[in-house]
Amino acid sequence: MLKLPPLRLGVNVDHVATLRNARGGERPDPLRAAQVAIEAGADGITAHLREDRRHIRDDDMARLKAGISKPLNFEMAATADMLRISLATKPHAVCLVPERREELTTEGGLDVIGQHNALKPFIAQLNDAGIRVSLFIAADPRQIEMAAELRAPVIEIHTGAWCDAVVDGDAAKAEAEWQRIVKGAALARSAGLEVHAGHGLDYQTAETIAGLPEIAELNIGYFMLGEALFVGLGETVRAMRAAMDRGRQAVSRA
Ligand code: PXP
């Protein structure tokens, strides 16, 4: 029987801060959400400090780093300001994402080919500081090869287009996007990269992607926080964990 490596669940707490900021006060607190998620089985916490600080703020990052017992994954754009803040925060990992002010969410992957020259010293500084660098990219073979060349130890595959197609019921698009992810994950592993995935995942898509043996971590936020409104965050984390375990076990048995 094939024994698959464990699959970690990273819970993204950005939108707890979105809700808090709607009234400008201190509640709901993203740190409390992170602690509840960890208590319910999350393996790590992700937060994105955007340049416009629309949800997570600088002090949230510092409080998350100090107040959680599991690894912190600091999502950010590759800017000098963010490099300074992340080096001072010393998170377990930094996930580099593209950022446009006008976007609603992180719409595409990072263009690591186009930004090669700027990214190379940026990644080297984070590597030197002992921070694990992850590059959020599309499952494009050229981008994956360049990520390996840039000496980032991890990539996170952008699952947004696949998840959107699944939700829209566009079977042909969903299948094409899924095949890209399957091939991209295999290529990345063979290039020695650790492979994560995220964006737009729900119980169904998380269960499916859990069946890919190359994937070591899923980072999930928006769907889970929406579910949490109805059943609570702890229950949502447990249900997501169960969906991921079902996906992993189905392949282990095959
Ligand atoms: N991974 C990365 C790199 C992201 O930018 C995001 C969105 O902030 C996620 C995962 C989580 O996506 P979602 O909130 O759609 O689950």
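As the structure lists them, so they are numbered: ligands from 1, and atoms in each ligand from 1.
For ligand 1, the atoms closer than 4.0 angstrom to any heavy atom of Asn219 are 10 (C), 11 (C). Each of the atoms 13 (P), 14 (O), 16 (O) of ligand 1 lies under 4.0 Å from some heavy atom of Gly221. Which parts of ligand 1 touch Gly200 is read off a 4.0 Å heavy-atom cut-off, strictly below it: atoms 12 (O), 13 (P), 15 (O), 16 (O). Which parts of ligand 1 touch Asn12 is read off a 4.0 Å heavy-atom cut-off, strictly below it: atoms 8 (O). Distances below 4.0 Å separate heavy atoms of Val97 from the following atoms of ligand 1: 3 (C).
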Quiz item: Between His48 and Glu99, is a side-chain hydrogen bond (donor to acceptor under 3.5 Å, both in side chains) present by the stated rule, with each step listed?
Solution: CA-CA 11 Å; His48 182 177; Glu99 213 175 282; 2.9 Å; yes
Self-check item: Worked verdict on Glu156 versus His196 for side-chain hydrogen bond (donor to acceptor under 3.5 Å, both in side chains)
Solution: CA-CA 4 Å; Glu156 180 165 327; His196 301 174; 4.6 Å; no
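Of the heavy atoms in Glu156, only side-chain atoms (C-beta onward) come closer than 4.0 Å to ligand 1. When heavy-atom distances to ligand 1 are checked against a 4.0 Å cut-off, Tyr222 comes that close through both its backbone and its side chain. Of the heavy atoms in His158, none comes closer than 4.0 Å to ligand 1.
For the pair Phe136 and ligand 1, the shortest N or O to N or O distance does not fall below 3.5 Å.
Counting only N and O atoms by type, the side chains of Glu175 and Gln179 include a donor and acceptor under 3.5 Å apart.
Using cut-offs of 30° and 60° for the angle between ring planes, the His158 and Phe136 rings count as parallel.
Under the side-chain contact (heavy atoms from CB on, under 4.5 Å) test applied with Thr46, the options Asp14, Ile220, Asn73 reduce to a single match, Asn73. Screening Arg53, Arg63, Lys65, Arg84 for a salt bridge (charged side-chain N to carboxylate O under 4.0 Å, His left out) with Asp58, the sole residue that qualifies is Arg53.
Hydrophobic clustering (side-chain heavy atoms under 4.5 Å, transitive across Ile, Leu, Val, Met, Phe, Trp, Tyr) keeps Leu19 apart from Leu233.
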